[in-house]
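Written out below as C-alpha cells is the structure these notes cover.
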Amino acid sequence: MQTLRIVVIVLVVAVSAGGFWFAYQSGVLGPQTSRVLQGSNGPKIGGPFELVNHWGETTTAEDFKGSYMLVFFGYTYCPDVCPVTLSNVSTALDMLGDDAAKVTPLFVTVDPERDTVDQLSEYVKYFHPAIIGLTGSEQQIADVTKAYGVYYAKADGGTGDPQDYLMDHTSITYLMTPENTYAAHFSHSATAEDMAAGIRRVLDGG
C-alpha cells in the first residue's frame with residue numbers, strides 16, 4: 001500500500017542566477033538524467049558531512065556507507081518544487097520494488113533556521129517512510145551544500161514578515177554510490193519514472 005502523498009500542481013519558481021549557473025555547468029538543464037564519472041572531466045560532488053536527522057540523532061556520511069544515497073536539498077516551507085520532488089522520489093522508490101532497499105533517500109534542509117528536528121519529523125511523514133530529513137547548524141548546512149555544489153539564499157516572501165521568506169535553491173537530486181561518490185543526478189523536471197529508470201541503470205551497473 002502506498003504511503004499517502006501530497007498532491008501538488010506545480011508552478012516552478014525561477015532558478016536563481018547562482019543556481020542556474022551550476023545547473024548549466026553540470027548539465028542538468030539538458031537531459032533529465034545524467035551519469036558522469038568523477039575526475040578531471042566530471043563534477044566533484046559529495047563528501048563527508050555531519051548533520052542531525054529528523055529523530056534528533058547526529059548523522060554522518062559514514063552512516064550510509066554501503067548504501068546508495070539519493071540526496072535532495074530543499075526546505076519544508078517550499079511551496080512547490082520540494083514537495084513535488086519528494087513525491088516523485090517516493091513514487092520512484094515504490095517502482096523499484098525490492099531494489100529500493102539499496103537506496104537511502106535524504107532530504108537536506110537549506111533552511112536550518114526554521115527546519116528544526118520537530119519540523120522535519122512532521123514534514124517527512126507525508127512522503128515515503130524511508131526518507132530521512134537532515135538539518136544542522138548554519139555552518140553544517142553551509143559545509144554540506146558546498147560539498148554538493150548547491151546554491152541557496154533567502155528570498156523575500158512578500159508579506160513584510162521577516163520570518164515569512166522563501167529560499168532560492170538548486171533543485172537537483174543526486175544519486176551517490178555506496179562509496180559516497182557521484183553516480184547520477186536528476187533535474188527538477190525529472191518524473192518518478194525518470195528517477196526509477198535512472199536509479200535502476202546505476203544499480204545494474206549501466
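In this chain, numbering begins with 1 at the start of the sequence shown.
Between V89 and M195 there is a side-chain heavy-atom pair separated by less than 4.5 Å. Contact of the T116 side chain with the S121 side chain is not registered, since no non-hydrogen atoms from C-beta on lie closer than 4.5 Å. Side-chain atoms of T145 and V110, non-hydrogen and from C-beta on, do get closer than 4.5 Å to each other. In this structure, C78 and P83 have side chains that are in contact, with non-hydrogen atoms separated by less than 4.5 Å. Here the side chains of H128 and D94 are in contact, with some heavy-atom distance below 4.5 Å. T177 has its side chain out of reach of Y182: every pair of non-hydrogen atoms, C-beta onward, lies at least 4.5 Å apart. Inter-residue side-chain proximity for Y68 and L175 is flagged as met; some heavy-atom pair is nearer than 4.5 Å. A heavy-atom distance below 4.5 Å is found between the side chains of L93 and V103.
In terms of heavy atoms, D99 sits closest to R200 at OD2-NH1, 2.8 Å. When all heavy atoms of G136 and L51 are compared, the closest pair comes out as CA-CD2, 4.5 Å. Nearest approach of A61 to P48, heavy atoms of both residues: CB-CA, 4.1 Å.
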Quiz item: Between Y165 and D111, is a side-chain hydrogen bond (donor to acceptor under 3.5 Å, both in side chains) present by the stated rule, with each step listed?
Solution: CA-CA 10 Å; Y165 55 85; D111 185 18; 2.6 Å; yes

Self-check item: side-chain contact (heavy atoms from CB on, under 4.5 Å) between C82 and Y77, intermediate numbers included
Solution: CA-CA 9 Å; C82 301; Y77 289 82; over 6 Å; no

Exercise. Please lay out, stage by stage, how H54 and I132 fare under the test side-chain contact (heavy atoms from CB on, under 4.5 Å).
Key: CA-CA 7 Å; H54 69 267; I132 298 173; 4.2 Å; yes

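Rounding to the nearest 0.5 Å places CG of D63 at 9.0 Å from CD of E57. In this structure, the separation between CZ on F72 and CG on L106 is 12.5 Å, given to the nearest 0.5 Å. How far OG1 of T170 is from NE2 of H188: 10.5 Å, rounded to the nearest 0.5 Å. Summarising the geometry, atom CE belonging to M69 is positioned 8.5 Å from atom OG1 belonging to T104; distances are rounded to the nearest 0.5 Å. For the atom pair CD1 of I131 and OH of Y126, the computed distance is 14.0 Å after rounding to the nearest 0.5 Å. Atom CG in L120 sits 12.0 Å away from atom CZ in R114 (nearest 0.5 Å).
With N88 contributing its side chain and T85 its backbone, the two residues share no donor-acceptor pair below 3.5 Å. Side chain of Q140 to backbone of E50: a donor-acceptor contact under 3.5 angstrom is found. Using modelled atom types, one side-chain atom of N180 and one backbone atom of G47 make a donor-acceptor pair closer than 3.5 Å. In this structure, the side chain of T91 does not engage the main chain of A192 through any donor-acceptor pair within 3.5 Å.
Ion pairing between D204 and R201 fails under the 4.0 Å rule for side-chain N and carboxylate O.
Both V71 and I45 belong to a common hydrophobic cluster when Ile, Leu, Val, Met, Phe, Trp and Tyr are linked at side-chain heavy-atom distances under 4.5 angstrom. Hydrophobic clustering, with ILVMFWY side chains joined whenever heavy atoms are under 4.5 angstrom apart, keeps I141 apart from V117. Residues V108 and V52 do not share a hydrophobic cluster, clusters being chains of Ile/Leu/Val/Met/Phe/Trp/Tyr side chains in contact below 4.5 Å. V84 and M95 are not part of a single hydrophobic cluster, where members link through side-chain heavy atoms under 4.5 Å apart.
Ring centers of F127 and F107: at least 6.0 Å apart, outside the cut-off. The aromatic ring centroids of Y75 and H169 lie less than 6.0 Å from each other.
Checked against side chain to side chain donor-acceptor pair (under 3.5 Å), E122 has the following partners two or more places apart in sequence or in another chain: K125. In this view, E62 satisfies the side chain to side chain donor-acceptor pair (under 3.5 Å) rule with no residue, not counting sequence neighbours.
Under the side-chain hydrogen bond (donor to acceptor under 3.5 Å, both in side chains) test applied with Q119, the options T135, T109, T76 reduce to a single match, T76. Under the ring pair (Phe, Tyr, Trp, His ring centres under 6.0 Å) rule, F73 has a single partner from F49, Y152, Y148, which is Y148.
Between the side chains of N53 and T59, at least one donor N or O sits under 3.5 Å from an acceptor N or O.
Evaluation of the salt bridge (charged side-chain N to carboxylate O under 4.0 Å, His left out) test over residues 137-160, restricted to residues two or more places apart or in two chains, returns E113-K154.
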